[in-house]
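Written below as structure tokens is the structure these notes are about.
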Amino acid sequence: MIDTPGARGVRRLAIGLAVLSCLSFFTAAWIFSAVRREQELVSQIIKHLPESDLESASELKGELLLQRGLLLLLVLDFSAAGVALVFVVRAYLSSEQSLEDVKVLSSDILASMDAGVITTDPDGILTSINSRGRLLIGLPNDIHNHSSGIGHSIREVGPEHECLEEMCDESRRFNHPIRDRDYSILQDGHTQTLRAGCTRLHNRAGDEIGFVLQVRDVTQKALMEERLRRMERYMGLGSLAAGLQHEIKNPLAALALHIQLLGERLATETDDAEVNESLSILNAEVKRIGDVLDGFRNYASINDIGRSPVNVGELVEKLVRLLRPHAEKQNVKLMVQRSDEKQNSIQADSARLEQVFLNLALNAIAAMSGGGTLRFVISSENDGTCIDVIDTGRGIPAEIQSKIFDPYFTTRSDGTGMGLALCDKIIRQHNGNLDFETSPNGTTFTVQLR
């Protein structure tokens, strides 16, 4: 049974009317009984009256009979009114219960939604917000205090969510809905991508009474979109790489051969140091062009990888032994942490995986010019293996974080810009993921292999 203030008031009114109806019913019944007794007395008196008084007695008897009929009609009327009152009260309470059920259902739906739903008045003052919305914008999600944050301006939510206020202002100025506007916040040290929209809120009369804001967490979707963009960068390069190999590599090989022949001939005819230096430069530049072509071919190639059982822990430890002399020169300490010493092997291309970890390790060592610690953390997952390559360097600047997987992008004077691009491609060829997290205290590249 519902217990709203309206329902309690109706019940009190119904009880009062019922009591009044009962009192009226019993009063009418008592009067009806009294009139009946008077009729019986009059009937007995008429038997002993002289004929001269019979006419007046008969009129009195008729009046009493009429009063009895009216009282009977009044009793029936009170009974019908009572029955009608019962049905009216039941209908009202049923409507009140249905309305309350609808309100509870709408509250349950809002509370169960994966998106945050926020409403404001025309001035941007919060009027309602569901549980998911409180979580996404950082308001206390206290089930005992649903009004937390209500009554405050949307601009007081926090500087990271100023996009919400901007959308309200834009919708107010231009009177049009805003959809799918992304912005990023920092949540527990991780970057979280939120997608928000704003529409005008109308009441049943069609009047504008505020705004409705929808906020969703699209962090994983944004990561997937970024990975798709990476894939689009090389999907059409396979045929281009083959064409370049044919159009450039073959003439380049001929050029290298003739430079070699020219060098051998000049070596027998002259011993000019300047000529020898020029030939050495030509050889070096031809080799560099060949290396660039090979890197481009490897990046654009769509050939499948070879797979064989590979123990990732042993592969990393072997790589660490090879890197240790170079790391010691840079004052970098190498560490390997394994959650399980008997990790199962995975099906992978060991040579290409070694290329990935070597690239990541060399980049990490280069980022720690003043020394530091490079850790390889290997852990088992339900469906594969996770390898974290963690350095204590200066981190990756925010303005270049979206470009580090682009081919030919590099911040090092001696780099080709193909290292991370190739790493990303090789890991995706293994149906894995390569992501990173960075801060001024260091960078972590995470390789997930299945």
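Because only heavy atoms are used, hydrogens play no part in the values below, and waters and symmetry mates are left out as well, while side chains stay in.
Atom CG of Leu323 sits about 11.5 Å away from atom CZ of Arg321, to the nearest 0.5 Å. In this structure, CD1 on Ile378 lies 10.0 Å from CD on Glu314, to the nearest 0.5 angstrom. We find the CD1-CD1 distance between Ile137 and Ile154 to be 5.5 Å, quoted to the nearest 0.5 Å. Taking CD1 of Ile209 as the start and CG of Asp121 as the end, the distance is 9.5 Å to the nearest 0.5 Å. Atom CG of Leu353 sits about 7.5 Å away from atom CD1 of Ile387, to the nearest 0.5 Å.
Minimum interatomic distance between Gly116 and Asn130 (heavy atoms only, all atoms of both residues): CA-OD1, 3.5 Å. Pairing each heavy atom of Ile178 with each of Ser171, the nearest pair is CD1-N, 3.9 Å. The minimum heavy-atom distance linking Val332 with Met368 is given by the pair CG1-CE, 3.6 Å. Minimum interatomic distance between Leu434 and Ile427 (heavy atoms only, all atoms of both residues): N-CG2, 4.0 Å.
No side-chain heavy atom of Thr373 sits less than 4.5 Å from a side-chain heavy atom of Ile390. Using a 4.5 Å heavy-atom cutoff, the side chains of Glu156 and Leu126 are not in contact. You'll find the side chain of Thr199 reaches within 4.5 Å of the side chain of Gln214, heavy atoms only. The side-chain heavy atoms of Val447 and Leu360, taken from C-beta on, include a pair separated by under 4.5 Å. Val312 is listed as a side-chain neighbour of Val316, based on a closest heavy-atom distance under 4.5 Å. Side-chain atoms of Ile150 and Ile129, non-hydrogen and from C-beta on, do get closer than 4.5 Å to each other. The shortest distance between side-chain heavy atoms of His176 and Glu170 falls below 4.5 Å. Using a 4.5 Å cut-off on side-chain heavy atoms (C-beta onward), Arg172 and Phe211 make contact.
Judged by distance alone, the side chain of Arg132 and the main-chain N or O of Val117 form no donor-acceptor pair under 3.5 Å. Within the 3.5 Å criterion, the main-chain N or O of Asp349 finds a donor-acceptor partner in the side chain of His430. Between the side chain of Thr385 and the backbone N or O of Leu449, no donor-acceptor pair lies under 3.5 Å.
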Practice problem: List the steps, then state whether side-chain contact (heavy atoms from CB on, under 4.5 Å) holds for Phe436 with Gln401. | Solution: CA-CA 9 Å; Phe436 71 95; Gln401 289 179 14; 3.9 Å; yes

Exercise. Could you go through the side-chain contact (heavy atoms from CB on, under 4.5 Å) check for Glu165 and Val157 one step at a time?
Key: CA-CA 9 Å; Glu165 181 187 1; Val157 172; over 6 Å; no

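The pair Glu166-Arg181 does not count as a salt bridge, with every side-chain nitrogen at least 4.0 angstrom from each carboxylate oxygen. Between Asp424 and Arg428, at least one side-chain N (NZ, or NE/NH1/NH2) sits under 4.0 Å from a carboxylate O, which counts as a salt bridge. Arg216 and Asp180 are joined by a salt bridge, as a carboxylate oxygen and a charged side-chain nitrogen come within less than 4.0 angstrom of each other.
The number of heavy atoms from other shown groups lying within 6.0 Å of NE2 (His202) is above 12. Other residues, nucleotides and ligands contribute over 12 non-hydrogen atoms within 6.0 Å of the CZ atom of Arg200.
Aromatic ring orientation, Phe376 versus Phe357: perpendicular (interplanar angle above 60°, classes split at 30° and 60°).
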Side-chain donor-acceptor pairs of residues 439-446 under 3.5 Å, sequence neighbours excluded:
{"residue": "Ser439", "atom": "OG", "partner": "Asn441", "partner atom": "N", "Å": "3.3"}
{"residue": "Thr443", "atom": "OG1", "partner": "Thr438", "partner atom": "OG1", "Å": "2.9"}
{"residue": "Thr446", "atom": "OG1", "partner": "Asp388", "partner atom": "OD1", "Å": "2.8"}

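With sequence neighbours left out, His326 forms a ring-ring contact (aromatic ring centres under 6.0 Å, His included) with no residue at all. In this view, Arg179 satisfies the salt bridge (charged side-chain N to carboxylate O under 4.0 Å, His left out) rule with no residue, not counting sequence neighbours.
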